[in-house]
Amino acid sequence: MNNISKSSSNKGASRGPPSPLPPYTPEELRTAAHRADFAVIVDNAETQGYALQQLMLMDLPLLVVVLSERQLRYVVPYFDHRCGSVATATSGVAAVKDFLDRLPSFRPREAMLEMVSPQASVGCFVRRFCGLLGRGPVVEARDSVPSVVPPAGKLART
């Protein structure tokens, strides 16, 4: 099995030393993702998680290694059970074995399309905006925005 393993550089972060790894280009990320069956993420904080979102949109499951589950939202802002697994200091090897056993069942692209697609973003905005006004949404945002996310075949790994 191939995997991607790279820590984030946390550019601009004031805590900790900069990453010893050089920055990567979008093409290098795509090339590595096409060769991989999964990605291993070892980090303590991610700025926006754009590279991780791209990996998940390419349907690449993530094994996220964190010190505690509480840290997860800072490492992978958009993540649920369909995206992969989390290994902590206490779950260790058992979590890695579970991840490998369940590898074929993960659906990170499906999760990302539900969480970060234009429809999901508009729906979230409408719900929050209406919540601020103390009203329910007037329109169903999911049906009012055309999809601009490419079909899975355009990003599928070979």
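Applying the salt bridge (charged side-chain N to carboxylate O under 4.0 Å, His left out) rule to pairs touching residues 79-95 yields Asp80-Arg82, Arg82-Glu110, Arg82-Glu114, sequence neighbours excluded. For residues 111-132, the set of pairs meeting the ring-ring contact (aromatic ring centres under 6.0 Å, His included) definition, not counting sequence neighbours, comprises Phe125-Phe129.
The line from CG of Asp59 to SG of Cys83 is 9.5 Å long, rounded to the nearest 0.5 Å. Residue Arg109 holds its CZ atom at 10.5 Å from CE of Met58, rounded to the nearest 0.5 Å. To the nearest 0.5 Å, atoms CD1 (Ile41) and CG (Leu52) are separated by 4.5 Å. Leu57 contributes atom CG, which lies 9.5 Å from atom OG of Ser117 (distance to the nearest 0.5 angstrom).
Here the shortest heavy-atom pairing between Tyr78 and Met56 reads O-CE, 3.3 Å. The two atoms that bring Pro61 and Asp37 nearest to each other are CD-O, 3.5 Å, heavy atoms only. Between Asp98 and Ser85, the shortest heavy-atom contact is OD2-OG, 4.2 Å. The nearest pair of heavy atoms linking Gly92 to Ala87 is O-CB, 4.3 Å. When all heavy atoms of Ser121 and Val116 are compared, the closest pair comes out as OG-O, 3.9 Å.
One hydrophobic cluster, built from ILVMFWY side chains closer than 4.5 Å, cannot hold both Val75 and Leu67; they sit in different ones. Both Leu63 and Val42 belong to a common hydrophobic cluster when Ile, Leu, Val, Met, Phe, Trp and Tyr are linked at side-chain heavy-atom distances under 4.5 angstrom.
Partners of Arg107 according to the salt bridge (Lys or Arg N to Asp or Glu O under 4.0 Å) rule, which considers only residues two or more places apart in sequence or in another chain, do not exist here. For Ser105, there are no side-chain hydrogen bond (donor to acceptor under 3.5 Å, both in side chains) partners two or more places apart in sequence or in a different chain. The ring-ring contact (aromatic ring centres under 6.0 Å, His included) check on Phe106 picks up Phe99, with sequence neighbours excluded. For Thr88, the side-chain contact (heavy atoms from CB on, under 4.5 Å) partners at least two apart in sequence or on another chain are Val66, Glu69, Val86, Thr90, Ser91. Arg30 meets the side-chain hydrogen bond (donor to acceptor under 3.5 Å, both in side chains) test with Glu27; sequence neighbours excluded.
Within 6.0 Å of atom CZ in Arg102, more than 12 heavy atoms from other residues, nucleotides or ligands are found, so the atom counts as buried in its surroundings.
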